[in-house]
Structure formats: C-alpha cells, structure tokens
Protein chains: 2
Amino acid sequence: MFKETKTHEVTTDVVIFTIKDGKLKVLLVKRAHEPFKGKWAIPGGFIRISETIDAAALRILKEKTNVQNIYLEQLYTFGDPLRHPTARVITCAYFALIRSDDIVLSFEDNSEITEVEWHPVYELPPLAFDHKEIIEYSLKRVRERLEFCPIAFQLLPEKFTLTELQKSYELILDKKLDKRNFRKKFLALSILKELDECTKSGSKRPARLYSFNEITLNSKRGHFFS
Amino acid sequence: MFKETKTHEVTTDVVIFTIKDGKLKVLLVKRAHEPFKGKWAIPGGFIRISETIDAAALRILKEKTNVQNIYLEQLYTFGDPLRHPTARVITCAYFALIRSDDIVLSFEDNSEITEVEWHPVYELPPLAFDHKEIIEYSLKRVRERLEFCPIAFQLLPEKFTLTELQKSYELILDKKLDKRNFRKKFLALSILKELDECTKSGSKRPARLYSFNEITLNSKRGHFFS
DNA sequence: TTAAATAGTGTACTTTGTACAAATATATTC
DNA sequence: GAATATATTTGTACAAAGTACACTATTTAA
C-alpha cells in the first residue's frame, strides 16, 4: 500500500485563522510537488532535530505570515499510516489566530509552494492529505475555547467595537447571537476597557471603542489566568 | 548536549489511572536500562511503522494490563529536544481510565522493565524523562473531562453506590463534594439506572446500587453523545 | 437496647442564561 | 434643514443551574 520507511517522519502543520472581508478564513498554500501537486494544503514542514515542536510551528507560521507573539496552540497529532500516500508521516497539528491587517503573505523563495492565499473556512477547496479533517477539528477546538476564554481578541485590532467583537464570535460559531445578551455578558466579565474614543463614523452612528485588559493566556489549555 | 540523530524517534506513553485501595493511582514501570535505569516511568514504546498512534497506545496498554475497550484519549505531544538525554524522541502521550479489579499486571517477558506497579498519583516517586509533567497534565485533563462527562464510570465496577461514585470524583478532583448536591445533579442527568439491588452490607446500612445507562463517548473530545 | 456508622433526603438563595422591543445618534439625501 | 436610513445602545421578566446547609433512617456490633 505504501512504501515502508525505517523511521517516521515528523512534521507540524498549522491552521491559521483570521477574519478578513467579513469572513472567517484559513491560510492555504498550493503544493508545487507530488504528492498532491497543485492541491491546496495547510502550511507545514518538518520539525528540525533540535527545535521544540512549538518552535517548529511558530517557524512555519512566521515563514508564511511574518507574525509572532500570537495565539498558537497544539491541536492534535495525526498519525494514520495512510494519511500520506508514499511515506509514514506523523504530523503534530497546531492552530493560530491572527489579525489579517498589515500581514504580507510570503513564500520565502520556497519552491515547495506556488501560491499562498486566505480561503473562507466554510467554502474550502479540495485539500491535500487529511487536511480537511485537521481544519474541521481545529474549528471545533476554537469553538470550545471561545466558551471559556475570549481568544477572539486575537482576531481583532487593538481597538474594536462591541459589534465587531460579536461579529467575530458569530463567524466562528457560525450562528447569530443576541446583541443585548452578548453585551451584558462581556461587560460583566470586566475584561473590556471602555475607551474615550468612538469610531469616526465610517457610517451612521459612531460606536464606542473598547480594548482588552491584559489577559494571561495559558496556550496549553487556553484558560484565563493560566 | 545530546547526540544528533538523522531522524526523530516517535514513541507513545500512556498514563493509566485506576482507583485502588481508596486512592487514585497510576501505573508505573521500573526501567531496566539507561537512560534513567532503575527509575520509574509511565509505560511507553515506539510507534510501529504501520500502526496508527491510537493502536500503538492501545498496544502498550494491553501489554501491561491486558485490558481493552476502555477510555483512551490522546493527551498531548511532548517534543522538547532535551526531554531525552541521548536522542531526539518525540512522544505522543495518552491517558486511560480502567477498573483495577481483576487486572493482572504483566511484563510479557520484557527485558526493558523490572517491575510494574500502581502508585498513588499524589505521592509519586522521582520519574524518568518528563513523565512527571505528563502525569500532571493528564490529571488536569481528566479533571476537565469530569466537568462535562461522567468518565469516572470507567473507574467503577458495573454496579456501584452513589457514595462510591462521589468518592471517585473526590479522588480525581482532590476535594470534598457536598453529598446532597452531588446526588441531585447526577440523578437529574438521568444517566444512572437505579437497580433493585443493594449492597449486602459489608457494614452498616445497605446502599442502593446503580449502573450507567449506555453512553456514547467520543474519545477525541470526551463529550456526551459525541 | 444502645451506640456507631453509613445512607438518604429538601429548601432557600444566588448566579447564570435566555427571550424579547424600543429609543438614540449620526450621515445622507431630498 | 427636514426627513430618512442605518447602526448603536439599553433593561426586564423568566427559566435553569449551582450552592449552602442539617437532620432522619437503616443497619451492624457491642
């Protein structure tokens, strides 16, 4: 069925989420070579022999987006012997949340890849390997996190309106939320700092701007205050 | 610092919990060889080239305890380059919950190990590698699962009293719970089947026996009804 | 029969979540 | 500058879930 190799190869793949053009999107790269040449895939690469897995995931992230200091959490390790058609490759998957503003996607002269692009997570193209499963699982995890911890702020600019915050929740949970209840809950949490500024009205009534108070995140679990 | 190898080695280690003698315990094995010769460790082994990671974890579990069909969940993948003193070994850790009755621990003529024993999780000996961290993290995970899903039944015999059930929660959470509230909550969940039997009074007033209704567990997340 | 041990039970209060509709502030346009 | 369109903002009543808390009942053993 597949070529036996002496050892496993170990990679890390990173599902990178952002909100862009009013949609929840993931970063995909188009593969230059077989297997799955020309297919879209989530960015990934081999873990180097002297680097931690976290460091490898961060390196992959940085190669493609040039961002650091963002929410990055280990998701799950996928190791079906048949997930790669020609070798035994175990991948330790991560997911990340970033703000898409001022991010310039890049290849870094990487001949492995012919394109890098944001794709709406609810309208994905056919994907290489088991990457569809990995994205679905990371979406599930992000939703779970959202229940306990306002990680959505990783997707928002420094200053944001309550409507923008709610919109990010709705995009991730893929359902409408009640405006009054959403505000009540968030204001009760006292993790929002009400600013003296308002939107300079791109349209209609200006909205109050908020920022997040400092939050200590434990990336291994994603709870408040570790 | 450590010998460079061409590739990573990939293992799986399994934290196996049980309740025995009124204590929450984990299964440890004593290592026969270096590194960490003579030190206690959680059972583990290399993932074979054609087996899934789940299958490898299950194999390790079966080698030591001869049980199957129990709750086994992937925990986290630990990959610090310094976690193993002489090689680069990435380990995909799992945890399992089993009933300790009628379990015969075994080596299977394994020269890697000189002893197999249950150890109270709150009084651990010095452990090999990063196994202390792995056990601590799995304890944290078991506690999280307990909030959503009655996985504690994996630790109990087929028929049990509410006091026994509560005791298992108290051992895992490491705190006392209120008897009335505990009972109210569980009976409201309607996942318990009240039996017509009582304990044949090993002591004092006999207690009603219960069993669990069939529950569909999704081991990747551990929620009710997948 | 009495004492000791464990099993079993209910109520008031607090907190959290949910359903739901009207008034307000600005920009645009006529 | 008046009217209109659009997005912002606000509160209350009800339901559900969690928490604190103390006494009675049944059995065994002395």
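Letters go in sequence order (proteins before strands), and every chain restarts at 1.
Of the charged side-chain nitrogens involved, none lies within less than 4.0 Å of a carboxylate oxygen, so that B:Arg83 and B:Glu133 do not count as a salt-bridged pair. In this structure, B:Glu123 pairs ionically with B:Lys23, as a charged nitrogen and a carboxylate oxygen lie closer than 4.0 Å. Using a 4.0 Å cut-off between charged nitrogen and carboxylate oxygen, B:Glu136 and B:Lys132 count as a salt-bridge pair.
The salt bridge (charged side-chain N to carboxylate O under 4.0 Å, His left out) test applied to B:Arg180 returns no partner, not counting sequence neighbours.
In this structure, CG on B:Leu97 lies 5.0 Å from CG on B:Leu155, to the nearest 0.5 angstrom.
Side chains of B:Arg183 and B:Thr163: a donor-acceptor N/O pair is present below 3.5 angstrom, by distance only.
DNA chain C forms stems at C:1-30 with D:1-30, each a run of 3 or more consecutive Watson-Crick or G-U wobble pairs whose two key distances fall under 3.5 Å.
A donor-acceptor pair is defined here as one N or O able to donate and one able to accept, closer than 3.5 Å; such a pair exists between the side chain of B:Gln166 and the backbone of B:Leu177.
What separates CZ of A:Phe148 from P of C:dT16 is a distance of 14 Å, to the nearest Å. The CD-P distance, from B:Glu147 to D:dA17, rounds to 16 Å in whole Å. Computed from coordinates, the B:Leu177 CG to D:dG18 C1' distance equals 13 Å when rounded to whole Å.
Surrounding NZ of A:Lys39 are at most 12 heavy atoms belonging to other residues, nucleotides or ligands under 6.0 Å away.
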*Summarise how protein sits on nucleotides 6-16 of chain D as a single string, 5' to 3': B when a protein heavy atom is under 4.0 Å from the base, S for sugar-phosphate-only contact, - for no contact.*
BSBBBBB----
